[in-house]
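One structure below.
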Amino acid sequence: MLLGCIGDDFTGSSDLANTLAKGGMRTVQYAGVPESDAAADVQAGVVALKTRSIDPSDAIKQSLAALKWLQSQGCRQFFFKYCSTFDSTAEGNIGPVMDALAEALEAHKVVVCPAFPGAGRSLYQGHLFVKDSLLNESGMQNHPLTPMTDADIRRWLALQSKYQVGHVAAETVFEGASAIEQGLNDQQTAGKRHIVVDAIRDADLIAIGKASKDLPLITGGSGVALGLPANFGCSPGDVPWVGQPGKSVALSGSCSIATRAQVAHHAASHPTREILASDVIEGRLAPENIAQWLIEADGIPLAYSSADPKTIKQVQAEFGLERSSEALEAFFARTAQIVVDYGVTRLITAGGETSGAVVEGLGLKTLELGPEIDPGVPALRPRPSLVVALKSGNFGADDFFEKADMVLKGEV
């Protein structure tokens with residue numbers, strides 16, 4: 001293994017794995033830290049964790065365990081993957097995990113770049129944009145677990161990290177890899193360990209990757225990994241895939257603006273059923289009820305708990321943040337278990353926490369990469385008779401659920 005990656009959630013990990021696979025690296029995603037060695041032909045290993053919203057000390061412990069396994073596989077470079085919207089709070093978990101990984105690897109200049117222009121995320125003068133809106137005006141300020149209230153990534157990361165945060169600005173990035181490398185060196189000389197690097201184009205990300213060739217640790221969204229496969233002598237190519245016949249269902253726990261638009265679009269032509277958080281928490285609705293409906297429904301049935309920010313706040317005020325999120329994650333995990341046991345062969349999930357709960361609930365360990373569905377979302381095969389798509393809440397076009405099913409079937 002050449003490149004070892006650690007993701008703080010499952011959808012983000014598949015996003016990164018997708019980028020590396022398209023770049024020509026033989027890539028495998030692992031759900032949690034594996035208990036055995038990787039296959040000999042794996043060039044990039046992505047260990048998917050569920051550490052984005054847990055206690056920072058637990059996130060550090062799990063991330064260091066993943067690092068230790070990846071080191072044992074012979075990796076030459078390491079990548080810490082977090083969301084392209086930098087999902088975190090003032091306490092973490094991006095900063096604390098980044099600190100711990102940097103210390104373990106003795107990395108003293110660490111690239112910080114969540115930009116992903118292909119999905120509308122750009123980083124300019126240290127500020128993160130979602131299309132034409134600042135991050136804190138994009139809807140992410142309403143995220144139920146990690147409300148992003150400041151678009152200045154330098155300032156937000158400084159709240160979380162014990163180390164000084166530097167910056168390589170766009171005008172330097174535009175000059176190419178050599179200028180970026182010098183900019184990183186200058187920031188290190190100035191005492192900065194974590195260095196935010198601007199990027200507004202794919203060309204910028206490729207240049208950052210080239211400039212990072214000899215760095216032990218890189219952090220960011222999947223975009224900054226665009227330039228990494230070439231550093232290991234890999235060339236872009238098609239990702240092989242054989243479609244999976246059978247029954248398809250979709251589950252959505254994301255409350256993002258993008259996912260709510262996708263749910264509305266899907267409802268126009270496929271069966272959909274809303275899951276009310278209060279019904280789940282108070283025991284009026286069981287996973288068996290939803291699973292039976294999904295199994296019996298035609299088309300691509302979708303069960304969703306996606307709600308608007310006002311409804312989310314009401315639920316959290318009544319039941320508490322932890323209780324409401326844990327109840328819904330357990331509900332989706334159990335629902336997925338039932339439908340897969342019944343014989344569902346194509347499973348589509350929306351939302352990082354939902355996808356992580358489903359993967360853990362199904363006991364999926366190794367996910368083979370398939371073709372890209374939408375930017376940042378690949379098809380995945382965890383079992384010979386099961387294929388999945390794990391979508392980050394903010395990703396995908398309005399017709400994502402239909403498109404995902406076509407790719408999983410091998411019809412695209």
Side-chain angles (χ1 to χ4, degrees), residues 4-17 29-35 45-71 75 78-105 107 110 112 114 140 143-148 153 156-157 159-163 194 217-222 224-225 253-254 321-322 325-326 328-330 332-333 349 351-367 376 390-394:
C5 309
I6 302 165
D8 69 354
D9 83 336
F10 286 84
T11 57
S13 296
S14 60
D15 173 16
L16 173 60
Q29 179 176 335
Y30 306 95
V33 181
E35 297 178 353
V46 183
V47 177
L49 303 176
K50 198 166 179 285
T51 54
R52 181 170 295 173
S53 304
I54 65 175
D55 183 88
S57 61
D58 291 336
I60 290 171
K61 182 179 179 180
Q62 292 184 38
S63 299
L64 289 177
L67 174 64
K68 184 177 180 180
W69 182 81
L70 290 165
Q71 287 175 313
C75 294
F78 301 88
F79 192 106
F80 173 39
K81 165 69 174 67
Y82 41 78
C83 189
S84 60
T85 46
F86 211 73
D87 295 16
S88 55
T89 68
E91 289 72 41
N93 287 340
I94 293 174
V97 171
M98 196 184 301
D99 288 354
L101 294 175
E103 290 165 359
L105 292 167
V110 179
V112 178
M140 282 300 298
H143 194 287
L145 298 178
T146 53
M148 298 304 296
I153 299 305
W156 195 249
L157 178 57
L159 295 174
Q160 305 176 31
S161 173
K162 64 176 108 171
Y163 296 109
H194 301 323
L217 177 64
I218 303 165
T219 81
S222 65
V224 76
S254 169
L321 172 60
E322 186 172 341
S325 61
E326 287 181 354
L328 284 170
E329 287 175 28
F332 279 118
T349 65
E353 299 299 325
T354 302
S355 297
V358 166
V359 169
E360 290 182 340
L362 292 174
L364 308 181
K365 298 299 182 184
T366 302
L367 295 87
L390 311 175
K391 184 189 83 74
S392 172
N394 294 301

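- Here CE of M148 is found 9.0 Å from OG1 of T89. Values are rounded to the nearest 0.5 Å.
- Between S254 and T354 there is no side-chain heavy-atom pair separated by less than 4.5 Å.
- Atoms CG and CG, on L67 and L105 in that order, are 5.0 Å from each other to the nearest 0.5 Å.
- Side chain of D15 to backbone of S392: no donor-acceptor contact under 3.5 angstrom is found.
- Between V97 and A59, the shortest heavy-atom contact is CG2-CB, 3.9 Å.
- Atom CG in L49 sits 12.5 Å away from atom NZ in K81 (nearest 0.5 Å).
- The heavy-atom pair separating F79 from G221 by the smallest distance is CZ-O, 3.4 Å.
- Across all their heavy atoms, A102 and V110 have their closest contact at CB-CG2, 4.0 Å.
- No side-chain heavy atom of H143 sits under 4.5 Å from any side-chain heavy atom of T85.
- The nearest pair of heavy atoms linking A333 to A357 is CB-O, 3.4 Å.
- Under the 3.5 Å distance criterion, the side-chain polar atoms of S355 are left unmatched by any main-chain donor or acceptor of G352.
- For the atom pair H194 NE2 and D99 CG, the distance stands at 4.0 Å (nearest 0.5 Å).
- Taking a cutoff of 4.0 Å between a charged side-chain nitrogen and a carboxylate oxygen, R52 and D87 qualify as a salt bridge.
- In terms of modelled atom types and a separation under 3.5 Å, the side chain of K61 and the main chain of S63 share no donor-acceptor contact.
- No more than 12 heavy atoms of other residues, nucleotides or ligands shown are found within 6.0 angstrom of CD on E322.
- Taken from CD in E329 to OG in S53, the straight-line distance is 8.5 Å, to the nearest 0.5 Å.
- With N93 contributing its side chain and T51 its backbone, the two residues share a donor-acceptor pair below 3.5 Å.
- In this structure the side chain of S325 never reaches within 4.5 angstrom of the side chain of E353, judged on heavy atoms.
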Show your working on side-chain contact (heavy atoms from CB on, under 4.5 Å) between K50 and V359 and close with a plain yes or no.
CA-CA 10 Å; K50 198 166 179 285; V359 169; over 6 Å; no
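- C83 contributes atom SG, which lies 8.0 Å from atom CD1 of I94 (distance to the nearest 0.5 angstrom).
- Looking at every heavy atom in both residues, L217 comes nearest to A107 through CB-CB, 4.0 Å.
- Shortest non-hydrogen contact noted between G356 and F10 is CA-CD1, 3.1 Å.
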Apply side-chain contact (heavy atoms from CB on, under 4.5 Å) to V112 and F86, showing your working.
CA-CA 10 Å; V112 178; F86 211 73; 4.1 Å; yes
Verify side-chain contact (heavy atoms from CB on, under 4.5 Å) between I6 and F78, making sure each step is shown before the conclusion.
CA-CA 8 Å; I6 302 165; F78 301 88; 5.9 Å; no
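- The shortest distance between side-chain heavy atoms of N394 and M140 falls below 4.5 Å.
- Using a 4.5 Å cut-off on side-chain heavy atoms (C-beta onward), D8 and F80 make contact.
- With S57 contributing its side chain and D55 its backbone, the two residues share no donor-acceptor pair below 3.5 Å.
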